[in-house]
Amino acid sequence: MSKTAETQLPDFAGPDPSRWKALVFIAVAQLMVVLDATIVNIALPSAQQDLGISDGNRQWVITAYALAFGGLLLFGGRIADLWGRKRTFVVGLLGFAAASALGGAANGEAMLLGSRALQGAFGALLAPAALSLLAVMFTDAKERAKAFGIYGAIAGGGGAVGLILGGFLTEYLDWRWTFYVNIPFAVIAAAGAYFVIREPAGGRNRSPLDVPGVVLSTLGLVALVYGFTRAESDGWSDPTTIGLFVASAVLLAAFVAVEARVKSPLLPLRVLTERNRGGVYLSLGLAIIAMFGLFLFLTYYLQVVKGYSPVKTGFAFLPMIAGMITGSTQIGARLMTRVPPRLLMGPGFLVAAAGMLLLTQLEIDSSYAGLILPAQLLLGLGMGTAFMPAMSLSTYGIEARDAGVASAMVNTSQQVGGAIGTALLNTIAASATTSYIASHAAGATGPEAQQLLQLQGMVHGYSSAIWWAVGILAASAVIAFVLINSGRPGPTTVASSGETAEDEVRIPVVAH
């Protein structure tokens, strides 16, 4: 029987024998992308001073990356389905390395901002390619659980690793090393992927590129992410902020309308309308809102209120990382083949909410060992347990040709969630701080009392915002319990579009 290149089975029978080696290089790449979202934060003050960046423009070092990454993710996922995931993965890694070298060598503001935008663009290529490679390479339920456990731990804990690494590099070397450190990560991962990964060939989607969909989704997501960034700096009532949200709503509505009509959509609506995948995208996006807000508050609390150095601050996040790794690899991965995913995700988000609830008790003199450490352990355990099945379910029952764009949707929900979390919770905290200081100002006489009031107001603002984070995590748990109704996972062979029974590609689905 003749087969086209698109539907030809791979030249190995059964599971890819190199899949576990491939997982190492995919994990290295994912770690690089996730930690890069936070590693530059700690280095920013040094880079700003060195390059003469104004206070008004310094946010663009973070925003340029977020806009390019968040805006181009769906396009990157579609490119992975079109070009092939391995090729897209390698190109994304090499491009990310080149952009990082450019950032490290930056001699001015424009060069640094341009390199950050390039990092975001290449990150949008490799992140969905990495996740979709796991989806098509690991088809056995138990192996898939282990692979996604490792991937979920990295996706959840990479941001905290970035804080540790960023603090170490900034304090002991130079801010430029927060860029240069990406180069060995990227080169090792690209070389390993080139020689080790053997992608099943049956999942290509060679349909023509949906150009209107690319333009509308990119502009809509950029407007949304930038709107939340503007809200944090200029306020929610700022005319530009409101205009960006309105533009985003119009563009994304037009995108959905186009996708429902075109023959070969960028984001087939079938990817979103399946209730389990939809539940994952929504619950995970909400959980990331709470998570990113907490990273910001704890970083400032430990450095400004407690007086920790950047390195000490980074290491103070270790319990959260340990909790995430344990929750993902020892709880989530071991139980996923035994219980329905909602019974891991829902309780996981609730345990994380319990950890967040402890942090609402923050005071200026709060004990790290007595309050912050146990709160981080609970938060890490809960998020790690929930992340693993969420990452696996994101490609639930998906056709091979849609694996890239389905993976991109997970990254998009995390990226948009991170932007919302930073802006929304920071705005709530700032408002609560201002109100607290205004209501207590009369009793603060003398410079020491005023300084103490400022710190008390700051901590009050953090605890007020963390209450919102508790509610958001509880909402994530409710969504997971209500929307996600799949049973225990099991490998099922499904044919991708246009294939005969003899041309099947194994994609995991979850049994009901």
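If you're wondering where the values come from, they're calculated on a predicted model, not measured in any experiment.
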Geometric class of the Y180/W177 ring pair [parallel <30°, tilted 30-60°, perpendicular >60°]: perpendicular

Straight-line distance of [X] [atom1] to [Y] [atom2], nearest 0.5 Å:
X    : Y    : atom1 : atom2 : answer
L298 : M320 : CG    : CE    : 6.0 Å
M324 : L379 : CE    : CG    : 6.0 Å
F228 : N426 : CZ    : CG    : 13.5 Å
I331 : T385 : CD1   : OG1   : 4.0 Å
L286 : S476 : CG    : OG    : 4.5 Å
L133 : T88  : CG    : OG1   : 8.5 Å

Mark yes or no for whether [X], through its side chain, and [Y], through its backbone, hold a donor-acceptor pair below 3.5 Å.
X    : Y    : value
D210 : L266 : yes
R277 : R270 : yes
Q376 : A316 : yes
E109 : I53  : no
T178 : W175 : yes
T218 : V215 : no
E259 : L269 : no
S283 : A480 : no

Any side-chain heavy atom of [X] within less than 4.5 Å of one from [Y]?
X    : Y    : value
M111 : L51  : no
L169 : D174 : no
M356 : I472 : no
L126 : M32  : yes
L318 : F315 : yes
V33  : F69  : yes
F387 : M345 : no
L72  : V214 : no

Test side chain to side chain contact (heavy atoms under 4.5 Å, CB included) applied to V271 and Y281, step by step: CA-CA 11 Å; V271 172; Y281 301 147; 3.7 Å; yes

Can you see which heavy atom on [X] is nearest to which on [Y], and at what distance?
X    : Y    : result
F122 : V91  : CD2-O, 4.0 Å
L125 : G76  : CD2-CA, 4.1 Å
A186 : A97  : CB-CB, 3.6 Å
G103 : R176 : O-NH1, 4.5 Å
G71  : V222 : CA-CG2, 3.8 Å
V28  : A189 : CG1-CB, 4.1 Å

Verdict with reasoning, N276 to L483, per side chain to side chain contact (heavy atoms under 4.5 Å, CB included): CA-CA 6 Å; N276 290 282; L483 284 185; over 6 Å; no

Test log, rule side-chain hydrogen bond (donor to acceptor under 3.5 Å, both in side chains), inputs T241 and W236: CA-CA 6 Å; T241 302; W236 296 91; over 6 Å; no

NZ (K21) with more than 12 external heavy atoms under 6.0 Å: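 Open.
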
More than 12 heavy atoms of other groups within 6.0 Å of Y308 OH: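 Counting neighbours around OH of Y308, more than 12 heavy atoms of other residues, nucleotides or ligands fall under 6.0 Å, so yes.
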
Sequence-distant partners of A465, side-chain contact (heavy atoms from CB on, under 4.5 Å), two or more places apart: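 A465: side-chain contact (heavy atoms from CB on, under 4.5 Å) contacts with F297, L425, I428, A429.
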
Working for side chain to side chain contact (heavy atoms under 4.5 Å, CB included), residues F179 and R116: CA-CA 10 Å; F179 287 89; R116 287 291 284 164; 3.6 Å; yes

Audit row: L216, V258, side chain to side chain contact (heavy atoms under 4.5 Å, CB included) steps and yes/no: CA-CA 9 Å; L216 288 170; V258 167; 3.7 Å; yes

Got a list of side-chain donor-acceptor pairs under 3.5 Å for residues 245-254, not counting sequence neighbours?
residue, atom, partner, partner atom, Å
S248, OG, G220, O, 3.1

